[in-house]
Amino acid sequence: MTSLSAIIITYNEEENILRSIRSAIRVADEVVVVDSFSNDNTRRICIEEGVNFIEHAFTGYGPQKNFAVDQSSSNYVLNLDADEFLSENLIASILEEKQLGFRYDAYTMNRLNRYRGQWIRHGSWYPDKKLRLYNREKGQWSDKPVHEDVEMQPGTSKFHLSGDLQHFAYDSEAQHEAKNEKYSSLSARFMFENGIKANPLNLIINPMWAFFRSFFVRLGFLDGFNGFIISKNIAKLTYLKMSKLLTLQKTAVSSQ
């Protein structure tokens, strides 16, 4: 049986971290928590659960996760966010692959998001496939400011696990809107720095398509009112990114 390490990065996650740790313990030989100096009960909870708890100043989502991987001892690593946990089916799928010695270099899984008390099973949020279990010798986390992912070396083998990575996304629309503001600023800056351009038409076309795709093409309407709210906020996030990117472009031109 091949060993497996689980890594979790945290900051003020006292409401979520216990669920995440206890889920990870069921499949992993060690759990490494890298905390950005929380000022709530995160540290106490982690120490009581017996994880390898390390405090490290936040360096960005991807770099922080790579640091956590460096503190782990297994070649195969499972990453969970503090507000995520493994479904029973996903636990069984991981344990089966672990028993077989992890036959593939990387493993993807579907993420099931909980929004305002409802599990969202349609729209742009499901199946929300994520690569979260991988051979650390063949991949690492990207340094994107948002929506970081694992970048695997060319030619690596992948397998999709059954079961869901369950994610407590937002308890309220206000939380969702606040995250939109933060992510749109980071995304716009990333696009600008990487030479991606926007024009005024993107302020109309891109948000409209984002809503239509989520609510109609991806059947978000089957999730009822929350499906509508999610699709609306996906469109709003798209608008904010394009608007902020245009502002950055105009500022750059005017400063020349």
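Here, residue 1 is the first one in the sequence, and each next residue gets the next number.
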_Test your reading of the model: is there a side-chain donor-acceptor pair from D35 to the backbone of R43, 3.5 Å cut-off?_
no
*Return yes if some donor-acceptor pair links the side-chain N/O of S243 with the main-chain N/O of Y239 below 3.5 Å, else return no.*
no
*How long is the span from the CG atom in D81 to the OG1 atom in T10, to the nearest 0.5 Å?*
11.0 Å
*Any residue meeting side chain to side chain contact (heavy atoms under 4.5 Å, CB included) with Q140, in chain and number order, not counting sequence neighbours*: N66
*Can you name the closest pair of heavy atoms from S3 and Y76 and give their distance?*
O-CB, 4.0 Å
*Give the other cluster members for Y11, using side-chain heavy-atom distances under 4.5 Å between Ile, Leu, Val, Met, Phe, Trp and Tyr residues; answer none if it is isolated.*
none
*Please list, chain by chain and in numerical order, all residues satisfying side chain to side chain donor-acceptor pair (under 3.5 Å) with N52, sequence neighbours excluded.*
none
*asked:* In the structure I gave you, are the side-chain heavy atoms of D164 and Y126 within less than 4.5 Å of one another anywhere?
replied: yes
*Counting distance only, does the side-chain N/O of K236 pair as donor-acceptor with the main-chain N or O of E177 below 3.5 Å?*
no
_I need the full list of ring pair (Phe, Tyr, Trp, His ring centres under 6.0 Å) pairs touching residues 19-57, with sequence neighbours left out, sorted by first then second residue._
H56-F67
_Is there a path of hydrophobic side-chain contacts, each under 4.5 Å between heavy atoms of I/L/V/M/F/W/Y residues, joining I94 to V31?_
yes
*Does S184 reach the main-chain N or O of K241 with its side chain, forming a donor-acceptor pair under 3.5 Å?*
no
*Are L95 and L100 linked, directly or through other ILVMFWY residues, by side chains that come within less than 4.5 angstrom of each other?*
no
*Could you list the residues that satisfy side chain to side chain donor-acceptor pair (under 3.5 Å) with R22, not counting sequence neighbours?*
E49
_NZ or CZ of R19 within 45° of F168 ring axis and under 6.0 Å_ = yes
_E30: which of S72, S74, S5 passes side chain to side chain donor-acceptor pair (under 3.5 Å)_ = S5
_Hydrophobic cluster membership, V32 vs Y134, 4.5 Å side-chain cutoff_ = yes
*Distance (rounded to the nearest 0.5 Å) between E14 CD and C46 SG*: 11.0 Å
*Answer yes or no: are there more than 12 heavy-atom neighbours, outside R136 itself, under 6.0 Å from its atom CZ?*
yes
*Quick one: list whatever passes side chain to side chain contact (heavy atoms under 4.5 Å, CB included) with S124, sequence neighbours left out.*
R213, S214, R218, I234
*In terms of heavy-atom contacts, does CD of E15 have more than 12 from other residues, nucleotides or ligands at under 6.0 Å?*
no
*Where is the tightest heavy-atom contact between A68 and I9, given as atom of each residue plus distance?*
CB-CG2, 4.4 Å
*Between E88 and R26, is there a side-chain N and carboxylate O pair less than 4.0 Å apart?*
yes
_From CA spacing to verdict: side chain to side chain contact (heavy atoms under 4.5 Å, CB included), F192, T251_ = CA-CA 11 Å; F192 178 74; T251 302; over 6 Å; no
*Could I get the full list of side chain to side chain donor-acceptor pair (under 3.5 Å) partners for S93, not counting sequence neighbours?*
S162
*asked:* Does any part of the side chain of N233, heavy atoms only, come nearer than 4.5 Å to the side chain of E173, both counted from C-beta?
replied: yes
_Would you say that V34 contacts I7 through its side chain, given a criterion of any heavy-atom pair below 4.5 Å between the two side chains?_
no
*asked:* Which heavy atom of L165 sits nearest to which heavy atom of L90, and what is that distance?
replied: N-CD2, 3.7 Å
*Rounded to the nearest 0.5 Å, what separation is found between the CZ atom of R132 and the CG atom of L161?*
12.5 Å
*Are the side chain of S142 and the backbone N or O of E148 linked by a donor-acceptor pair below 3.5 Å?*
no
*Could you point out which residue of K130, H160, K129 forms a side chain to side chain donor-acceptor pair (under 3.5 Å) with N110?*
H160
*Take the angle between the ring planes of Y61 and F58 and call it parallel below 30°, perpendicular above 60°, tilted in between.*
perpendicular
_Test salt bridge (charged side-chain N to carboxylate O under 4.0 Å, His left out) applied to R111 - qualifying residues, sequence neighbours left out_ = E84, D128
_From I120 atom CD1 to D223 atom CG, the distance as rounded to the nearest 0.5 Å_ = 4.5 Å
*Would a 4.5 Å heavy-atom cut-off, applied to side chains only, mark M208 and I205 as touching?*
no
_Backbone N/O of N39 and side chain of N12: donor-acceptor pair under 3.5 Å_ = yes
*Please identify each residue that fulfils salt bridge (charged side-chain N to carboxylate O under 4.0 Å, His left out) with K144, with sequence neighbours left out.*
D149
*Could you tell me whether the side chain of Q153 and the main chain of E137 form a donor-acceptor pair under 3.5 Å?*
yes
*Can you list the residues that meet the side chain to side chain contact (heavy atoms under 4.5 Å, CB included) rule with N194, with sequence neighbours excluded?*
F190
_side chain to side chain donor-acceptor pair (under 3.5 Å) partners of R44, counting only residues at least two apart_ = E48
*If you round to the nearest 0.5 Å, how far is CG of N79 from CG of L131?*
10.5 Å
_If hydrophobic clusters are built from ILVMFWY residues whose side chains come within less than 4.5 Å, do V253 and M242 share one?_
no
_Side chain to side chain, F102 and E97, heavy atoms closer than 4.5 Å_ = yes
*In Å and rounded to the nearest 0.5 Å, what is the CG to CH2 distance from L112 to W125?*
11.0 Å
*Who passes side chain to side chain contact (heavy atoms under 4.5 Å, CB included) against S185, sequence neighbours left out?*
K244
*Shared ILVMFWY cluster between I17 and L86, side chains joined below 4.5 angstrom?*
yes
